[in-house]
Amino acid sequence: MSKHTISVLVENHSGALSRISGLFSARGFNISSLSVAETDDSTLSRMTIVANGDNKVIDQITKQLNKLVDVVKVLDFTENERVERELILLNVNAVAAKRHEIMGIVQIFRGFVLAVSQNEMTIELSDTADKIASFIDLLKPYGIKEMARSGPIALLKAK
């Protein structure tokens, strides 16, 4: 089994998300990440779905997705050159003596400090899953208090 990133362009109607996620669950197929938002056209939304499965299962799901009435286009990005990013927001312990070190890590990863209080910082980073994992590993020793992660969004790479 391999990880697949699937982009689904759908008509922006209520129930579309439910029908698409239901298609996965009805086949006993787990979605490990799901991001949905409107596109530049407010009548369309783009869903980025990350799921594990072999090519045969993904092929079948892609065919089933294409049959749904709300679906405009389905692409499995797995074998294509793509740009993929995740967003993470986190609160980390940051006593005055350690703030400079933490800010150095944030700068190396091209992140942003969104808020600072006496004992903690709120940080934002957008990058690949691997780089976000490395970022988290470097901040763990300082004490991560809370974390929210978006899961990936993706587009085919411009040619």
Side-chain angles (χ1 to χ4, degrees), residues 1-22 24-25 29-53 58 65 70 72-159:
M1 281 206 205
S2 60
K3 184 170 89 168
H4 290 261
T5 303
I6 302 166
S7 175
V8 184
L9 195 60
V10 297
E11 292 178 13
N12 198 2
H13 298 286
S14 63
L17 172 60
S18 177
R19 282 186 286 283
I20 290 170
S21 62
F24 279 79
S25 66
F29 198 66
N30 188 42
I31 295 174
S32 60
S33 175
L34 174 65
S35 297
V36 184
E38 280 185 1
T39 65
D40 57 320
D41 177 349
S42 64
T43 66
L44 298 173
S45 289
R46 180 178 310 279
M47 300 176 70
T48 304
I49 302 168
V50 178
N52 291 318
I58 296 295
L65 284 169
D70 294 325
V72 176
K73 187 176 186 179
V74 179
L75 287 170
D76 182 356
F77 285 166
T78 308
E79 301 298 322
N80 297 299
E81 277 195 79
R82 65 187 180 276
V83 177
E84 193 171 294
R85 292 290 183 268
E86 289 188 29
L87 173 69
I88 186 171
L89 297 173
L90 51 86
N91 289 331
V92 64
N93 291 325
V95 293
K98 297 293 182 179
R99 274 190 212 130
H100 187 71
E101 292 174 26
I102 295 168
M103 289 180 73
I105 294 168
V106 171
Q107 287 175 347
I108 288 169
F109 282 85
R110 295 183 309 255
F112 299 96
V113 174
L114 302 176
V116 179
S117 71
Q118 198 165 10
N119 295 313
E120 68 184 80
M121 298 170 87
T122 302
I123 301 167
E124 171 189 333
L125 176 67
S126 171
D127 214 320
T128 63
D130 291 344
K131 288 196 180 165
I132 286 178
S134 296
F135 183 69
I136 291 168
D137 287 344
L138 288 172
L139 290 179
K140 275 183 184 175
Y142 298 98
I144 295 173
K145 296 180 80 171
E146 190 173 21
M147 179 172 69
R149 197 168 173 174
S150 69
I153 57 172
L155 287 175
L156 289 175
K157 194 172 191 177
K159 295 179 181 183

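Computed from a prediction, not measured in an experiment: that's the story for all the values here.
In this structure, the separation between CG on Asn52 and NZ on Lys3 is 8.0 Å, given to the nearest 0.5 Å. Between atom CD of residue Glu146 and atom CG of residue Leu89 there is a gap of 9.5 Å, rounded to the nearest 0.5 Å. Atom-to-atom distance recorded for Leu155:CG and Thr5:OG1 is 12.0 Å, nearest 0.5 angstrom. Atom CG of Asp41 sits about 10.0 Å away from atom CD of Glu11, to the nearest 0.5 Å. One finds the CG atom of Asp70 at 10.0 Å from the OG atom of Ser45 (value rounded to the nearest 0.5 Å). Considering CE of Met147 and CD1 of Ile88, their distance stands at 5.0 Å, rounded to 0.5 Å.
Residues His4 and Ser2 have side chains in contact (heavy-atom distance under 4.5 Å, counting atoms from C-beta outward). The shortest side-chain heavy-atom distance between Glu84 and Phe77 does not fall under the 4.5 Å cut-off. Residues Met121 and Met103 are in side-chain contact: their nearest non-hydrogen atoms beyond the backbone lie under 4.5 Å apart. Side-chain contact between Tyr142 and Val95 is absent, with no heavy-atom pair separated by less than 4.5 Å. Using a 4.5 Å cut-off on side-chain heavy atoms (C-beta onward), Arg149 and Ile136 make contact.
Scanning all heavy atoms of the two residues, the minimum distance from Leu139 to Val92 falls at O-CG2, 4.1 Å. Heavy atoms only, all atoms of each residue included: Arg19 and Ser14 are closest at NH2-O, 3.7 Å. In plain terms, the two heavy atoms of Leu87 and Ile132 that are nearest each other are N-CD1, 4.3 Å.
Side-chain polar atoms of Asp76 and Thr78 form a donor-acceptor pair below 3.5 angstrom. A donor-acceptor pair shorter than 3.5 Å cannot be found between the side chains of Asp130 and Thr128.
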Mind listing the side-chain donor-acceptor pairs of residues 29-38 below 3.5 Å, one per line with the distance, residues two or more places apart or on another chain?
from  : atom 1 : to     : atom 2 : distance (Å)
Ser32 : OG     : Val50  : O      : 3.0
Ser35 : OG     : Ser150 : O      : 3.4
Glu38 : OE2    : Asn12  : ND2    : 3.2

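Distance alone, capped at 3.5 Å, is enough to place a donor-acceptor pair between the Arg99 side chain and the Ala94 backbone.
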Kindly determine whether Leu138 and Ile108 satisfy side chain to side chain contact (heavy atoms under 4.5 Å, CB included), including the steps that lead there.
CA-CA 11 Å; Leu138 288 172; Ile108 288 169; over 6 Å; no
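Tested against Leu90 for a side-chain contact (heavy atoms from CB on, under 4.5 Å), the candidates Ile123, Leu125, Thr122 yield a single pass: Ile123.
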